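The structure presented is a predicted model; accordingly, all values stated were derived computationally and were not measured.
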Protein chains: 2
Amino acid sequence: MEKKIFREFLEKKGCKFTKERAAILSEVFSNHGHFDPEDLFSKIREKEAKASRASVYRTLQLLLECGLVEQVERIDKHAHYEHTFGHKHHDHLICLRCGKVIQLFSEKLEKLQESLCKKENFRCVSHTLEMKGYCEKCGSKGRK
Amino acid sequence: MEKKIFREFLEKKGCKFTKERAAILSEVFSNHGHFDPEDLFSKIREKEAKASRASVYRTLQLLLECGLVEQVERIDKHAHYEHTFGHKHHDHLICLRCGKVIQLFSEKLEKLQESLCKKENFRCVSHTLEMKGYCEKCGSKGRK
DNA sequence: ATTGTAATTGAGAATCAATCTCAACATAAA
DNA sequence: TTTATGTTGAGATTGATTCTCAATTACAAT
């Protein structure tokens with residue numbers, strides 16, 4: 001399914017659906033957590049189907065472009081991603097102590113955001129809400 | 001005022017309020033836009049009061065820790081900051097075409113976020129809402 | 001003032017994610 | 001098959017950020 005979407009996107013763009021891109025796509029959709037490019041690269045390296053680091057970065061860019069993947073805010077400083085096809089948009093609560101990420105969705109929140117954009121005549125194409133703090137388990141233990 | 005806060009924070013931490021830190025602090029509060037470490041460094045370099053790049057980065061870290069400065073989401077990939085003392089919290093609309101940043105505050109939104117955190121027993125210490133899209137001027141012109 | 005000591009500084013080196021280069025390779029249409 | 005165009009990977013490059021460490025400074029105690 002995501003394969004079809006990606007293939008069509010590439011076609012429309014005059015690009016090719018190569019085996020490297022296929023391998024990267026399938027790895028991206030092979031599980032549901034967040035990942036970073038280096039993760040992705042090394043997981044791909046372990047399999048028969050290989051791709052270079054450069055291709056991983058390039059393909060990630062394409063996946064962002066066609067909306068199959070979104071960039072997620074970072075606890076540390078490098079980029080994190082998650083695939084989004086088949087998932088509803090959601091926001092994140094990020095625990096500063098244990099790194100746990102809680103996903104969250106609120107229809108009310110989405111609506112409110114929309115209306116705020118409208119007020120500014122801003123055409124929103126994506127948004128990120130990230131709340132950092134302490135999760136239930138870590139909450140009582142205070143700060144880092 | 002922010003000077004007092006910073007000084008007390010440093011003291012509590014067993015650190016010193018040096019002239020370099022003072023220079024950096026005052027530069028950070030000398031105007032109200034976003035900035036990045038390199039900006040800050042070069043502006044400081046132009047003045048009599050100097051500080052090294054290393055000190056800029058180190059001091060920025062301290063300013064984050066004590067809450068005088070917040071990290072803002074990035075359009076490109078490097079870190080941006082803004083000082084926050086004396087400002088209400090606000091969110092950002094970021095134009096993907098011209099880079100314009102519109103600040104935004106909604107009491108309703110804040111309240112809603114709070115209640116979502118409470119539902120998850122999450123103690124939120126900071127949050128960032130960033131909506132990316134096209135501003136009024138750029139909106140009609142479509143995508144990059 | 002002087003001294004002791006622990007924090008701080010700056011210049012440049014080091015790190016590290018991300019991007020770029022470019023020659024060799026694939027793919028599809030003519 | 002030829003041609004044109006897109007793609008690949010290894011390694012080099014970039015560029016922001018962090019680290020190193022000897023020299024310096026601030027501050028409290030003499």
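Side-chain contact check for A:His127 and A:Gln113: at least one donor-acceptor pair (N or O, by modelled atom type) lies under 3.5 Å.
Of the side-chain N and O atoms in B:Ser55, one or more sit less than 4.0 angstrom from OP1 or OP2 of C:dG10. Between B:Thr18 and C:dT9, a side-chain N or O to OP1/OP2 separation shorter than 4.0 Å is present. At D:dT8, one or more side-chain N or O atoms of A:Arg21 fall inside 4.0 Å of OP1 or OP2 (strictly under the cut-off). Distances shorter than 4.0 Å separate none of the side-chain N or O atoms of B:Tyr57 from OP1 or OP2 on D:dT18.
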Checklist entry - Passes side chain to side chain contact (heavy atoms under 4.5 Å, CB included), A:Leu25 versus A:Thr59? Steps please. => result CA-CA 8 Å; A:Leu25 177 68; A:Thr59 302; 5.9 Å; no
Next on the checklist: Before you tell me yes or no, could you show the steps for A:Glu136 and B:Arg123 under salt bridge (charged side-chain N to carboxylate O under 4.0 Å, His left out), namely the whole-Å CA-CA distance, both residues' side-chain angles and the distance that decides it to 0.1 Å?
Outcome noted: CA-CA 8 Å; A:Glu136 191 160 14; B:Arg123 179 158 63 81; over 6 Å; no
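Judged by distance alone with a 3.5 Å cut-off, no donor-acceptor contact links the side chain of B:Arg53 to the base of C:dG12. The base of C:dG10 lies close enough to the side chain of B:Arg58 for a donor and an acceptor atom to sit less than 3.5 Å apart.
Note on A:Arg45: only backbone sugar-phosphate atoms sit closer than 4.0 angstrom, heavy atoms only; bases stay farther off.
Heavy atoms of other residues, nucleotides or ligands lying less than 6.0 angstrom from CD of A:Glu11 number 12 at most.
Distances were taken from every side-chain heavy atom of A:Lys16 (C-beta onward) to each of D:dT7, D:dA10, C:dA11; the shortest belongs to D:dT7. Distances were taken from every side-chain heavy atom of B:Cys15 (C-beta onward) to each of D:dT17, C:dT8, D:dG9; the shortest belongs to C:dT8.
Each of A:Ala54 and B:Thr59 lies near DNA chain C, and the nucleotide nearest B:Thr59 is the one positioned closer to the 5' end.
If you measure from atom CG of B:Asp36 to atom C1' of D:dT17, you get 12 Å, rounded to the nearest angstrom.
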